[in-house]
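Written below as structure tokens is the structure these notes are about.
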Number of protein chains: 2
Amino acid sequence: MREGVEWAVHCCIDLSWVSPDRPVPAARLAAFHDLPTAYLNKQLNALGRAGIVSSRSGPRGGFRLGRKPQEISLMDVVTAIDGAAQGFRCTGIRLDGPAGAVAGRAGRRTGCAVERSFREAELDWRRRLAARSVADLAEAVRRADPAAPGRVRRWFDQHGPA
Amino acid sequence: MREGVEWAVHCCIDLSWVSPDRPVPAARLAAFHDLPTAYLNKQLNALGRAGIVSSRSGPRGGFRLGRKPQEISLMDVVTAIDGAAQGFRCTGIRLDGPAGAVAGRAGRRTGCAVERSFREAELDWRRRLAARSVADLAEAVRRADPAAPGRVRRWFDQHGPA
DNA sequence: GGGGTGTTACTCGGATAGACGATGTCCGAGTTACGTGGG
DNA sequence: CCCACGTAACTCGGACATCGTCTATCCGAGTAACACCCC
């Protein structure tokens, strides 16, 4: 799992708290979390390609959420950053070498049992991530500290472009 | 997910079908699946450290299962090969830079909501893998092709050490 | 005063280096079986 | 014939290169706002 996923999720939560008619530049988000600006920009790019955020160039430009926070799942973010590839890659060694010859015709026809089990597990993981939205996480943070959203929003307003 | 996991699981299934009083050298297992011998040996080493297989040096040496197939879960194998580290690493950016100052004392005390969600998802994944044993997979293969176990066993008997 | 235009500063976006971990390979330590010699 | 010993081959186990991917950085294309000038 790439580290950028954590960054992206936190940025989405932040963006859900600032006024939507005020795009936030990558540099501001990076400064807020003390991250390398250019690299965070790259991650936000990926979010943009997935439609999770929308970007705008030039002065007064930056990023804002591309759709409502409750419509952005953690799975969406992971897919945008890490790609859609599965964690478990079946390279088919089951049928390589003599093993292929030893496996019967019936065995060759059916899928790989190992791959199936790992797919199931990964599906569980995906389902759970798909069930959690950015809005859910933002709500959890707000519950722990009701004033947090306001403070975050104020920080971005004060430290925005001059 | 490292590729060696796939190799390790298939080797465990193979080993569950050969006679336990006949250790199988890494070279034989590698030849069966057309894999690089030395590298597979490395993976089997890791399985050995985890107690999943037991190894023996010298002539007539090799690997055999360290315990019954129904007592080896896929999670055990993954942990042995990939390590116990989590896929999602929380680096704590939530509290780095100005974000730490903006977060209230209450926010600092509670754990990271993002990390919690990813942990939950990963726990689902782990649970599913822990519920599948090598015996389950071997049984699935046998059901698709009842003669497969016998053929595999015969191959290793015939192509064993002279 | 209003409108058009050139300039300027700002931001994203993708192309370009560097670092870390996984992949793949090699050789030495240890162990077992076998052959040999002696009792 | 039985036993002890030396020898030799075989296998694991960990140390050593190589490769790919993630991490990090930089610079150019595009854009919107601003200032200025002309009407």
Side-chain angles (χ1 to χ4, degrees), chain A residues 1-8 11 15 21-31 33-64 66 78 80-83 85 87-89 91 93 156 159-162, chain B residues 1-8 11 15 21-31 33-64 66 78 80-83 85 87-89 91 93 156 159-162:
Chain A
M1 165 89 41
R2 290 170 62 177
E3 188 174 6
V5 172
E6 182 189 7
W7 304 359
C11 286
L15 288 177
D21 54 346
R22 259 294 189 122
V24 180
R28 290 297 112 200
L29 284 165
H33 292 291
D34 197 19
L35 297 174
T37 302
Y39 190 33
L40 177 62
N41 189 16
K42 196 179 183 56
Q43 314 291 358
L44 292 172
N45 260 338
L47 292 185
R49 275 190 291 273
I52 294 172
V53 302
S54 80
S55 62
R56 199 176 143 185
S57 286
R60 308 284 259 189
F63 294 91
R64 62 189 153 197
V78 170
I81 302 292
D82 264 14
F88 182 82
R89 296 159 297 174
T91 56
I93 69 158
F156 279 103
H159 297 77
Chain B
M1 166 89 44
R2 290 170 63 176
E3 188 175 4
V5 172
E6 182 188 7
W7 303 0
C11 286
L15 288 177
D21 55 346
R22 260 293 190 121
V24 180
R28 290 296 114 200
L29 284 165
H33 291 291
D34 197 19
L35 298 174
T37 302
Y39 191 33
L40 177 62
N41 189 15
K42 198 180 181 58
Q43 314 290 357
L44 293 172
N45 261 338
L47 293 185
R49 276 190 291 273
I52 294 172
V53 302
S54 81
S55 63
R56 198 174 143 184
S57 286
R60 309 284 257 186
F63 294 91
R64 60 189 154 198
V78 169
I81 302 292
D82 264 15
F88 181 82
R89 296 159 298 173
T91 57
I93 70 159
F156 279 104
H159 296 77

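As the structure is a prediction and not an experimental result, all values here were calculated from the model. The sequence lines fix the lettering, A, B, ..., with proteins before strands; numbering per chain opens at 1.
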Sorted by position of nearest nucleotide on DNA chain D, 5' first, the leading residue of A/Ala38 and B/Phe63 is B/Phe63
When you measure from the side chain of A/Pro25, which nucleotide among D/dT11, C/dT11, C/dA22 comes out closest?
C/dT11
Picking from D/dT25, D/dA32, C/dG24, the nucleotide nearest the side-chain atoms of A/Lys42 would be D/dT25
According to a strict under-4.0 Å criterion, is A/Arg49 in side-chain N/O contact with OP1 or OP2 of C/dG14?
yes
Measure from CG on B/Leu40 to P on D/dG13 and round the result to the nearest Å.
12 Å
Please pick, from D/dA24, D/dC12, C/dA22, the nucleotide with the shortest atom-to-atom distance to any side-chain atom of B/Asn41.
D/dC12
To the nearest Å, give me how far apart CG (A/Leu29) and C1' (C/dT11) are.
13 Å
Keeping B/Arg2 on the side-chain end and B/Ile81 on the backbone end, is there a donor-acceptor pair under 3.5 Å?
yes
Taking only N and O in the side chain of A/Ser57, is any of them less than 4.0 Å away from OP1 or OP2 of D/dA29?
no
The side chain of A/Tyr39 is closest to which nucleotide in this list: D/dA24, D/dC10, D/dA15?
D/dA24
With a 4.5 Å limit on heavy-atom distance, are the side chains of B/Pro23 and B/Phe63 in contact?
no
Could you tell me whether B/Gly48 contacts a base, only the sugar-phosphate backbone, or nothing, with contacts defined as non-hydrogen atoms closer than 4.0 Å?
nothing
Strictly below 4.0 Å: does A/Thr37 bring a side-chain N or O up to OP1 or OP2 of D/dT25?
no
Can you check the A/Arg56 CZ to D/dA33 C1' distance for me, whole Å?
10 Å
Name the nucleic acid region contacted by A/Gly4, choosing base, sugar-phosphate or nothing; use a 4.0 angstrom heavy-atom cut-off, strictly under.
nothing
Atom-to-atom span, CD of A/Gln43 to P of D/dA24 - whole angstrom:
9 Å
Can you measure A/Leu44 atom CG to D/dA24 atom P for me and round it to whole angstrom units?
14 Å
C/dC12 C1' sits how many Å from A/Arg28 CZ, rounded?
16 Å
Measure from the side-chain N and O atoms of A/Arg28 to the backbone N and O of A/His159, and report whether any donor-acceptor pair falls under 3.5 Å.
yes
Which nucleotide in the list C/dA33, D/dA33, D/dC12 gets nearest to the side chain of A/Arg60?
D/dA33
Base, sugar-phosphate alone, or nothing: which one does B/Ala27 contact when heavy atoms must sit under 4.0 Å apart?
nothing
So, does B/Asn45 get its side chain near the phosphate of D/dG13, meaning an N or O under 4.0 Å from OP1 or OP2?
yes
Treating A/Gln43 as the side-chain partner and A/Trp7 as the backbone partner, does any N or O pair qualify as donor plus acceptor under 3.5 Å?
no
Of the nucleotides C/dT23, D/dA33, D/dA24, which one has an atom closest to the side chain of B/Arg2?
C/dT23
